[in-house]
Amino acid sequence: MAGKMNETVVAIPEFNGTVAPRLDCASKIIIAHLQNGQIKDKQELNLNNVNPYQLIGILTEKGVQKVICYHLCRRDWYSLRANGIEVMARISGNVEEILKNLAAGKLSTSNAIPFWRKGTDGICRGKGRSRRGRRGRRWEQD
Amino acid sequence: MRKKILQKDRDKNTPVIDYQDENLMQIILDSITEGVFTIDLDKNITSFNKAAEKITGVPKEEAIGRKCYEVFTSNICQRQCALEKTLSTQEPITNLPINVLSRDGKIIPISISTAVLKNQKGEVIGAVETFRDLSVVETLRKELQQHYKFEDIISKNYKIHKIFKILPDIAESDSTILIQGPSGSGKELFAKAVHNLSFRKDGPFIVVNCGAIPETLLESELFGYVKGAFTDARKDKPGKFELANKGTIFLDEIGDIPLSLQVKLLRVLQDKTFEPLGAIKPKKADVRVIAATNKDLLELVSLGKFRDDLYYRLNVLKIELPPLSERRDDIPLLIDHFIEKMNIKLGKKIEGISHEALNLLMQYDFPGNIRELENIIEHASVLCRENIIGCEHLPPEILEKMENIKVIIPEDSANKLLMLQEEQLIRSVLKKHGGHREKTARELGIHPTTLWRKMKRYGIR
């Protein structure tokens with residue numbers, strides 16, 4: 001049970017052995033089980049007749065906790081997050097290497113956030129002050 | 001500074017641009033409103049213009065030297081790369097509708113064209129892709145589509161729009177409706193729309209296909225039976241009229257109902273009561289009846305196969321639906337709708353239909369109406385492995401039927417017609433002036449040289 005708790009299920013859309021440039025258009029996805037610094041199990045799924053909505057369902061069903069991709073649309077990002085799946089975007093390169101590095105804890109994740117969330121890390125800062133300011137000044141009526 | 005335009009060929013009025021001047025090339029590329037980028041044989045980006053930066057949101061400095069599929073992230077990059085196809089076939093691709101993912105994660109619809117790039121020796125050194133942002137066009141198209149949508153019915157045909165206008169009024173009343181139209185023309189959709197717009201919308205919508213139920217069973221299906229009504233009636237069974245209480249009952253193919261049952265139906269319509277089989281007391285029917293048929297009920301009345309009193313009871317409000325062949329303007333709209341539907345059903349990512357396939361379908365008669373069109377699109381969607389449905393994906397029987405019909409491309413035919421009329425006009429005016437070219441040109445309002453050129457083109461002597 002303790003071993004199971006250390007297990008991480010990762011999904012990487014693949015294109016010619018490398019991370020596919022776009023998650024929703026990938027023709028296959030690698031689902032890997034990482035445990036104790038090693039790749040325990042790996043399976044390849046064909047996505048040829050799978051639409052984006054079905055893909056999220058498949059990933060949830062397979063118990064995927066983390067999706068590693070290069071780029072994805074906002075719709076998919078929100079859907080994945082809503083289903084409790086962590087997204088690491090802007091990662092490119094050889095899938096095998098990435099899996100090995102991830103298992104060994106060597107994959108740099110400092111920039112692994114989608115382009116449009118760069119700098120925010122998914123957290124909106126300073127919301128309250130800005131909102132109060134706007135309310136007070138009534139920009140719309142200016 | 002190097003001369004941008006060489007002096008040679010000046011006499012031919014064809015300025016020659018020095019393509020070796022990279023700065024000049026970049027200026028030209030940047031002045032184009034369409035996005036342009038070029039790649040080498042390894043798919044590395046070699047140039048990227050300003051419009052491309054704007055559409056994709058990727059700065060030029062970041063794009064140059066990187067793989068095109070990492071920068072462009074289009075929906076065809078990983079499956080049917082247009083540049084790869086152009087490089088292998090050396091054939092250009094024009095106006096292919098696709099979508100790209102902008103840097104900020106938005107899906108942008110674009111149209112692309114590709115061509116190979118050759119050096120002075122004629123060797124292929126890469127390819128060029130130009131693309132146009134279709135966001136505005138797409139937004140307008142969607143807005144228009146909303147305008148053409150009424151409940152679940154899609155149409156821009158004026159006959160259908162006339163029905164759309166009166167449908168809320170029809171729905172508001174509680175009168176019986178008769179929907180007449182050929183098979184597959186969407187009678188049930190209209191009935192459902194009326195139900196959804198009526199005050200009975202929260203009640204049930206029960207569909208009965210009178211033609212599909214054997215005559216002997218139809219009565220018990222419609223009105224139900226009580227325990228002991230016949231040998232196998234071990235318990236009470238409610239009929240469709242009872243199930244539709246406070247809702248709407250849709251009686252499809254009403255023309256197939258036997259004469260014996262027509263009397264009972266007439267009673268429901270007149271007294272709003274019915275008697276289940278074997279029952280002693282009549283039951284109240286708080287139901288709105290919508291009947292539909294693909295037959296001419298008036299003709300059935302004259303043949304004595306349909307009761308005239310029932311016909312007049314049903315025909316309080318009448319909706320006549322035209323066949324699809326009389327609303328061809330709806331075909332492209334319906335095709336788009338069915339493609340979207342099939343994409344969800346089959347998990348496909350089809351973007352549209354090719355001009356050739358659309359042309360073919362526009363000329364087809366659709367004896368099975370919209371249902372047939374839906375089946376055709378489903379067939380094509382199953383077979384289509386690309387982004388666009390082509391003629392090869394259409395059912396073979398359609399292609400066979402259309403084989404003898406010449407496919408006319410509208411722009412071409414219009415152009416040819418115009419040229420033919422121009423030739424006839426020139427010939428007639430020339431004849432009028434006895435072949436005098438100056439007088440003819442004056443009357444036609446064109447320069448004599450233009451007239452001479454046109455005469456030469458049409459072979460007029």
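Reminder, nothing fancy here: chain letters follow the sequence lines and each chain counts from 1.
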Taking every heavy-atom pair that is under 4.5 Å apart, which of Asn343(B), Thr73(B), Leu101(B) has the most such pairs with chain A? Leu101(B)
Are there over 12 heavy-atom neighbours, none belonging to [X], within less than 6.0 Å of that residue's [atom1]?
{"X": "Glu397(B)", "atom1": "CD", "result": "yes"}
{"X": "Glu392(B)", "atom1": "CD", "result": "yes"}
{"X": "His355(B)", "atom1": "NE2", "result": "no"}
{"X": "Asp152(B)", "atom1": "CG", "result": "no"}

Side chain, backbone, both or neither: which part of Ser92(A) has a heavy atom under 4.5 Å from chain B? side chain
Identify the two heavy atoms, one from [X] and one from [Y], that lie closest to each other, and give their separation to 0.1 Å.
{"X": "Ile107(B)", "Y": "Arg75(A)", "value": "CD1-NH1, 4.2 Å"}
{"X": "Cys25(A)", "Y": "Ser74(B)", "value": "SG-O, 4.4 Å"}
{"X": "Ala20(A)", "Y": "Gln78(B)", "value": "CB-OE1, 3.0 Å"}

Could you grab the distance from atom [atom1] of [X] to atom [atom2] of [Y], nearest 0.5 Å is fine?
{"X": "Phe15(A)", "Y": "Lys67(B)", "atom1": "CZ", "atom2": "NZ", "value": "10.0 Å"}
{"X": "Arg103(B)", "Y": "Arg90(A)", "atom1": "CZ", "atom2": "CZ", "value": "6.5 Å"}
{"X": "Tyr69(B)", "Y": "Thr18(A)", "atom1": "OH", "atom2": "OG1", "value": "5.0 Å"}
{"X": "Arg22(A)", "Y": "Phe72(B)", "atom1": "CZ", "atom2": "CZ", "value": "10.5 Å"}

Which portion of Val58(B) sits near chain A, non-hydrogen atoms under 4.5 angstrom: neither
